[in-house]
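Contents: one structure, followed by commentary.
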Amino acid sequence: QVQLVESGGGLVQPGGPLRLSCAASGSIFSANAMGWSRQAPGKGREKVASIAKGGMTIYADSVKGRFTISRDNAKNTVYLQMNSLRPEDTAVYYCKINIGGTLLATDYWGKGTLVTVSS
């Protein structure tokens, strides 16, 4: 069984940085794409960033240039470095890791970590 645990969320002042981590544990033979999404109160879930196994990255326009996604394949961990945070970045951040082969790949989600950007 695979478990994902996010960490690093909290309260931060506008303009400040935070680094989120998401570690997967369990029966993992191959970690494929990894990514982060977020959901503000009363809003829909927004895709923030993703990173392929080979390192290709995709960012939402709203965070491009401020956020950086990275991964450690040996640790089955994905990170999100957030800089120049804005109040509108306030949301619960969820990580996702796709695990398995082409025919049996499965998406696993973390429970989320709250990021609050406020003075």
Side-chain angles (χ1 to χ4, degrees):
Q1 186 174 346
V2 177
Q3 300 287 335
L4 274 63
V5 179
E6 299 104 331
S7 62
L11 175 64
V12 63
Q13 303 252 355
L18 274 180
R19 188 192 189 206
L20 305 182
S21 299
C22 176
S25 62
S27 300
I28 303 173
F29 295 97
S30 179
N32 304 310
M34 300 179 176
W36 292 90
S37 297
R38 66 186 182 185
Q39 187 167 18
K43 306 295 183 180
R45 188 168 296 193
E46 174 190 18
K47 295 180 180 179
V48 174
S50 64
I51 181 168
K53 187 175 181 65
M56 178 182 293
T57 58
I58 300 174
Y59 297 94
D61 289 340
S62 59
V63 307
K64 196 170 186 178
R66 300 187 297 121
F67 292 10
T68 302
I69 188 170
S70 61
R71 62 188 289 165
D72 186 331
N73 291 331
K75 297 180 179 180
N76 291 316
T77 300
V78 60
Y79 306 93
L80 186 67
Q81 178 65 50
M82 305 183 294
N83 298 323
S84 302
L85 283 164
R86 306 165 180 168
E88 51 264 43
D89 293 319
T90 297
V92 176
Y93 285 72
Y94 301 89
C95 70
K96 181 185 76 175
I97 301 180
N98 183 270
I99 299 171
T102 302
L103 300 180
L104 295 173
T106 303
D107 289 335
Y108 293 88
W109 291 90
K111 294 182 178 180
T113 184
L114 177 63
V115 173
T116 302
V117 185
S118 176
S119 298

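Residues take their numbers from the sequence shown, with the count starting at 1.
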When every non-hydrogen atom of G100 is compared with those of N32, the smallest separation belongs to O-ND2, 2.8 Å
**Asked** Within the distance-only criterion (no hydrogens, no angle test), does the side chain of E6 pair as donor or acceptor with the backbone N or O of K111 below 3.5 angstrom?
**Response** yes
Between the OG atom in S25 and the NZ atom in K75, the distance rounded to the nearest 0.5 Å is 14.5 Å
Exercise. Counting only heavy atoms not in K64, do more than 12 sit closer than 6.0 Å to its NZ atom?
Worked result: no
For V48 and V63, the nearest pair of non-hydrogen atoms, with its separation, is O-CG2, 3.7 Å
For Y59 and I69, the nearest pair of non-hydrogen atoms, with its separation, is OH-N, 2.9 Å
Residues N98 and A105: closest non-hydrogen pair is OD1-CB, 3.5 Å
Check for me, please, whether I28 and V78 land in the same ILVMFWY cluster - side-chain distances under 4.5 Å, paths through other members count. yes
For the residue pair F67 and Y93, does the interplanar ring angle fall in the parallel (under 30°), tilted (30 to 60°) or perpendicular (over 60°) class? tilted
Taking every heavy atom of A31 against every heavy atom of I97, the minimum-distance pair comes out as CB-CG2, 4.2 Å
Checklist entry - Quick one: are Y79 and D72 in side-chain contact, heavy atoms under 4.5 Å? => result yes
task = Consider only side-chain heavy atoms of I, L, V, M, F, W and Y, link residues closer than 4.5 Å, and tell whether Y94 and L114 are in one cluster.
result = yes
*Quick one: are S7 and T113 in side-chain contact, heavy atoms under 4.5 Å?*
no
Flag the pair M82 / V115 as yes when at least one side-chain heavy-atom distance between them is below 4.5 Å, and no otherwise.
-> yes
Q. Do S62 and E88 have side-chain atoms, one donor and one acceptor, less than 3.5 Å apart?
A. no
Heavy-atom closest pair (R71 atom, I51 atom, distance to 0.1 Å) is NH1-O, 3.3 Å
Within-4.5 Å side-chain heavy-atom neighbours: C95 and M34: no
Side chain to side chain contact (heavy atoms under 4.5 Å, CB included) between D89 and R38, worked out | CA-CA 9 Å; D89 293 319; R38 66 186 182 185; 2.9 Å; yes
T106 versus I99: any side-chain heavy-atom pair under 4.5 Å?
no
d(Q81 CD, S70 OG) to nearest 0.5 Å is 8.5 Å
TODO: Check the pair S119 / Q13 against side chain to side chain contact (heavy atoms under 4.5 Å, CB included), numbers first and verdict last.
DONE: CA-CA 5 Å; S119 298; Q13 303 252 355; 4.2 Å; yes
task = Look at the side-chain heavy atoms of Ile, Leu, Val, Met, Phe, Trp and Tyr, link any pair under 4.5 Å apart, and say whether V92 and L85 land in one connected group.
result = no
